[in-house]
Q: 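After the C-alpha cells below, expect a handful of questions from me.
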Amino acid sequence: MNLRQLEFFRMLADTQHMTHAAKLLNTTQPNLSHSMSELEKELDAQLFEKKGRNIQLTKYGKFFYTYVSTALEELAKGERALKELVSPEKGLIDFGFIYTAGSFLAPMLMKEFSTYPGNEQIRFNLCQGNSSDMTDLLLKEEVDIAITSKLKEDEQLNYEILTEQEIVLVVPIEHPLAAYDSISLKETRDYPFVYFNERSGLRPYIDKMLTAASIKPTIICEVEEDHTMLGFVAYDYGIALMPKIPSISSYKVKTIALEDNFFPRYIYLATKKDHFLSPAALRFKEFIVPFAQNMFYQ
C-alpha cells in the first residue's frame with residue numbers, strides 16, 4: 001500500500017466512475033484498475049462493486065474510505081503547515097536566548113529584523129534559559145539559533161561573537177561599598193556573595209575573575225538568573241557580580257564599575273553544525289551577526 005494507491009482509491013470512490021477518475025488522476029484506466037485490484041488483494045477485502053455502468057463502494061470500502069479520507073486530509077494539512085514553517089516570508093524561527101539577553105539584546109534584534117521588508121510576517125517561538133539550557137536545546141534541535149555564553153568548545157556547535165558584556169558589582173543601597181562608583185575586586189573579599197549556580201554560563205567566568213583576584217568567595221546562596229540575583233541583593237543577602245543590564249536600575253541596588261583589567265566576556269550567536277536552517281531562520285542568522293557587530297563595535 002502506498003500514498004498513490006490511497007489517492008487513487010479516494011478519487012475513484014468520489015467519482016464512482018473508472019474513466020472519469022483516471023482522467024482526473026492523469027493516469028490510464030487499466031493502471032487505475034490494476035492499482036485498485038492490488039489494494040484489494042493487500043487488504044483481503046472487496047472495496048468496489050459494479051452498479052450499472054458505474055461503480056460504488058462496498059460496505060468494506062465505505063469503512064476504509066473514512067480512514068483514507070481522514071489520513072489524506074491530515075497529510076495535506078501537514079504539507080501546508082510545513083511549507084508555511086519553512087516559508088522565507090512566513091516561516092517560524094525557534095529562537096533561544098540566555099536570561100541576560102532577554103532584557104535588551106534579543107528583543108532589539110527581533111524588532112530590528114522584523115522592520116526589514118519581507119520579514120514582517122516571520123514568526124518566532126521563544127525559549128529562554130541559562131547557557132546549559134541553550135546548549136541542550138541546540139543539540140536536540142529544539143531551537144534553530146541561540147544567544148548564549150560559550151561554556152566550552154563543542155565540535156557540534158558553531159559560535160560567532162555578537163557583543164562583549166561588561167561585568168559589574170551590585171550591592172545593596174545601604175551597603176558600605178555603595179559609597180564607591182568604581183572598585184577593585186580585592187575590596188569585596190570580606191563580604192558574602194549571591195552567586196550564579198553551576199548551570200549558568202556566567203559561573204565559570206565569575207570563578208576565573210575571583211581566582212585571578214585571589215579571592216575565595218563566601219557564597220550565601222546560588223541563583224540561576226539575573227533578576228533573582230538582583231532581588232536577593234536588594235534585600236541585603238549579599239553582593240554580586242553580574243552583567244550590566246538595563247533592568248538593574250529597577251532594583252534598589254548600587255551598580256559599581258570594576259577597576260580590574262579582566263579578559264573579555266563575550267556573548268555568542270550559536271547554531272548547530274550541519275543542521276538544516278529554514279530560509280527564514282537562515283535570513284535571521286545572517287542578519288543578526290553583522291547588525292550586532294556594527295552596533296556594538298563601531
Side-chain angles (χ1 to χ4, degrees), residues 1-96 110 113-114 117-129 133 136-146 156 271-285:
M1 187 187 306
N2 56 52
L3 182 59
R4 189 64 170 155
Q5 279 181 309
L6 298 180
E7 291 172 340
F8 280 11
F9 168 77
R10 183 173 66 169
M11 182 63 75
L12 187 54
D14 289 342
T15 62
Q16 298 185 28
H17 196 282
M18 186 71 71
T19 303
H20 185 41
K23 184 176 180 180
L24 291 173
L25 291 164
N26 195 29
T27 190
T28 64
Q29 183 175 329
N31 187 42
L32 176 57
S33 178
H34 174 73
S35 181
M36 292 302 94
S37 295
E38 291 298 309
L39 182 59
E40 289 178 328
K41 287 179 183 178
E42 184 174 347
L43 295 171
D44 200 21
Q46 184 178 343
L47 302 175
F48 295 98
E49 59 189 4
K50 288 186 177 181
K51 183 182 179 183
R53 299 179 64 181
N54 291 350
I55 60 173
Q56 65 181 16
L57 289 170
T58 65
K59 68 175 183 179
Y60 304 109
K62 291 176 182 177
F63 175 84
F64 188 52
Y65 179 86
T66 60
Y67 289 93
V68 171
S69 182
T70 300
L72 292 177
E73 284 300 323
E74 287 300 307
L75 284 172
K77 288 179 185 178
E79 181 182 2
R80 291 192 296 269
L82 179 59
K83 286 181 177 178
E84 185 169 312
L85 278 178
V86 300
S87 165
E89 292 79 27
K90 297 182 179 180
L92 177 67
I93 301 170
D94 291 313
F95 180 35
M110 288 172 55
F113 174 76
S114 297
N119 296 343
E120 300 90 346
Q121 297 185 66
I122 291 176
R123 297 166 294 130
F124 289 88
N125 177 45
L126 304 180
C127 297
Q128 191 174 21
D133 296 329
D136 293 343
L137 290 170
L138 284 166
L139 294 176
K140 293 176 183 176
E141 301 186 0
E142 293 180 14
V143 297
D144 301 310
I145 296 169
Q156 297 183 72
T271 53
K272 186 178 180 183
K273 294 178 181 177
D274 302 320
H275 168 57
F276 170 75
L277 289 179
S278 70
L282 184 60
R283 184 186 295 182
F284 186 49
K285 176 181 179 292

Q: Considering residues at least two apart in sequence or located in another chain, which fulfil the side-chain contact (heavy atoms from CB on, under 4.5 Å) criterion with Lys77?
A: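 Once residues adjacent in sequence are excluded, the partners of Lys77 under the side-chain contact (heavy atoms from CB on, under 4.5 Å) criterion are Glu74, Arg80.
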Q: With sequence neighbours excluded, what pairs up with Glu142 under the side-chain hydrogen bond (donor to acceptor under 3.5 Å, both in side chains) test?
A: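 Per chain and number, Glu142 pairs via side-chain hydrogen bond (donor to acceptor under 3.5 Å, both in side chains) with no residue.
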Q: Under the side chain to side chain contact (heavy atoms under 4.5 Å, CB included) criterion, do Lys272 and Val143 qualify, and how do the steps go?
A: CA-CA 9 Å; Lys272 186 178 180 183; Val143 297; over 6 Å; no
Q: Not counting sequence neighbours, which residues clear salt bridge (Lys or Arg N to Asp or Glu O under 4.0 Å) with Arg283? List them please.
A: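 Salt bridge (Lys or Arg N to Asp or Glu O under 4.0 Å) list for Arg283, sorted by chain: empty.
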Q: Do any N or O atoms from the side chain of Asn119 and from the backbone of Phe113 form a donor-acceptor pair under 3.5 angstrom?
A: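 Yes, because the side chain of Asn119 sits within donor-acceptor range (under 3.5 Å) of the backbone of Phe113.
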Q: For Met18 versus Ser33, what's the shortest heavy-atom pair and its separation?
A: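 Distance-wise, the nearest heavy atoms are SD-N, 4.1 Å.
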Q: Who pairs with Ser114 by side-chain hydrogen bond (donor to acceptor under 3.5 Å, both in side chains), at least two apart in sequence or on another chain?
A: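 Scan of Ser114 (side-chain hydrogen bond (donor to acceptor under 3.5 Å, both in side chains), adjacent residues dropped) gives none.
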Q: Any ring pair (Phe, Tyr, Trp, His ring centres under 6.0 Å) involving residues 10-58? Give me the pairs, sequence neighbours left out, ordered by first then second residue.
A: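 Sorted result for residues 10-58: Phe9-Phe48.
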Q: Restricting to salt bridge (Lys or Arg N to Asp or Glu O under 4.0 Å), what partner residues turn up for Lys273, sequence neighbours left out?
A: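 Lys273 satisfies salt bridge (Lys or Arg N to Asp or Glu O under 4.0 Å) with no other residue.
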Q: Where is the tightest heavy-atom contact between Ile145 and Ala281, given as atom of each residue plus distance?
A: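 Smallest heavy-atom distance, with atoms named: CD1-O, 3.3 Å.
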Q: So, Thr70 side chain and Thr66 main chain: donor-acceptor pair closer than 3.5 Å or not?
A: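 Pair found, side chain donor or acceptor close to backbone of Thr66.
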Q: Could you give the distance from OG1 (Thr15) to CG (Leu25), rounded to the nearest 0.5 Å?
A: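 Here the interatomic distance stands at 8.0 Å.
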Q: Before giving the answer on side chain to side chain contact (heavy atoms under 4.5 Å, CB included), spell out for Phe8 and Asn2 the whole-Å C-alpha distance, their side-chain angles and the decisive distance to 0.1 Å.
A: CA-CA 10 Å; Phe8 280 11; Asn2 56 52; over 6 Å; no
Q: Please step through side chain to side chain contact (heavy atoms under 4.5 Å, CB included) for the pair Met110 and Phe284, ending with a clear verdict.
A: CA-CA 9 Å; Met110 288 172 55; Phe284 186 49; 4.2 Å; yes
Q: Return each pair, listed once, that meets salt bridge (charged side-chain N to carboxylate O under 4.0 Å, His left out) where at least one residue sits in residues 56-67; pairs must be two or more places apart or across chains.
A: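 Non-adjacent pairs meeting salt bridge (charged side-chain N to carboxylate O under 4.0 Å, His left out): zero.
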Q: Using the test side-chain hydrogen bond (donor to acceptor under 3.5 Å, both in side chains), find all partners of Gln156 that sit at least two apart in sequence or belong to another chain.
A: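 If we apply the side-chain hydrogen bond (donor to acceptor under 3.5 Å, both in side chains) test to Gln156, skipping adjacent residues, there are no hits.
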Q: In a table with atom names and distances, give each donor-acceptor pair under 3.5 Å that connects a side chain of residues 121-128 to protein atoms at least two apart or in another chain.
A:
residue: Asn125; atom: ND2; partner: Asp94; partner atom: OD1; Å: 2.9

Q: Which pairs, with at least one residue in residues 44-54 and sequence neighbours excluded, count as a side chain to side chain donor-acceptor pair (under 3.5 Å)?
A: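 Side chain to side chain donor-acceptor pair (under 3.5 Å) check on residues 44-54 returns Glu49-Gln56.
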Q: Compare all side-chain heavy atoms of Leu43 with those of Met1 and state whether any distance is below 4.5 angstrom.
A: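 Heavy-atom side-chain distance check passes, below 4.5 Å.
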Q: Just how far is it from atom CG of Leu39 to atom CZ of Phe64, taken to the nearest 0.5 Å?
A: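 Interatomic distance, Leu39 CG to Phe64 CZ, rounded to 0.5 Å: 5.5 Å.
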Q: Quick check for you: to the nearest 0.5 Å, what is the distance between Leu72 atom CG and Glu79 atom CD?
A: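 Interatomic distance, Leu72 CG to Glu79 CD, rounded to 0.5 Å: 11.5 Å.
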Q: With sequence neighbours excluded, tell me which residues meet side-chain hydrogen bond (donor to acceptor under 3.5 Å, both in side chains) with Tyr65.
A: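 Tyr65 satisfies side-chain hydrogen bond (donor to acceptor under 3.5 Å, both in side chains) with Asp14 only.
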Q: Any sub-3.5 Å donor-acceptor pair from Glu38's side-chain atoms to Met36's backbone N or O?
A: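 Here the side-chain-to-backbone pair does not exist.
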Q: How would you list all residue pairs meeting ring pair (Phe, Tyr, Trp, His ring centres under 6.0 Å) that involve residues 67-91, not counting sequence neighbours?
A: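 Residue pairs passing ring pair (Phe, Tyr, Trp, His ring centres under 6.0 Å), neighbours aside: Phe63-Tyr67.
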Q: Where is the tightest heavy-atom contact between Ala280 and Gly91, given as atom of each residue plus distance?
A: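 That would be CB-CA, 4.1 Å.
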Q: How many angstroms lie between CG in Leu32 and OG in Ser37, if you round to the nearest 0.5 Å?
A: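 That separation rounds to 9.5 Å.
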Q: Measure the spacing between CG of Leu12 and CD1 of Ile55 and express it to the nearest 0.5 Å.
A: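 Reported to 0.5 Å precision, the distance equals 3.5 Å.
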Q: Calculate, to the nearest 0.5 Å, the distance between atoms CG and CE belonging to Leu24 and Met11 respectively.
A: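 So the gap between those two atoms works out to 5.0 Å.
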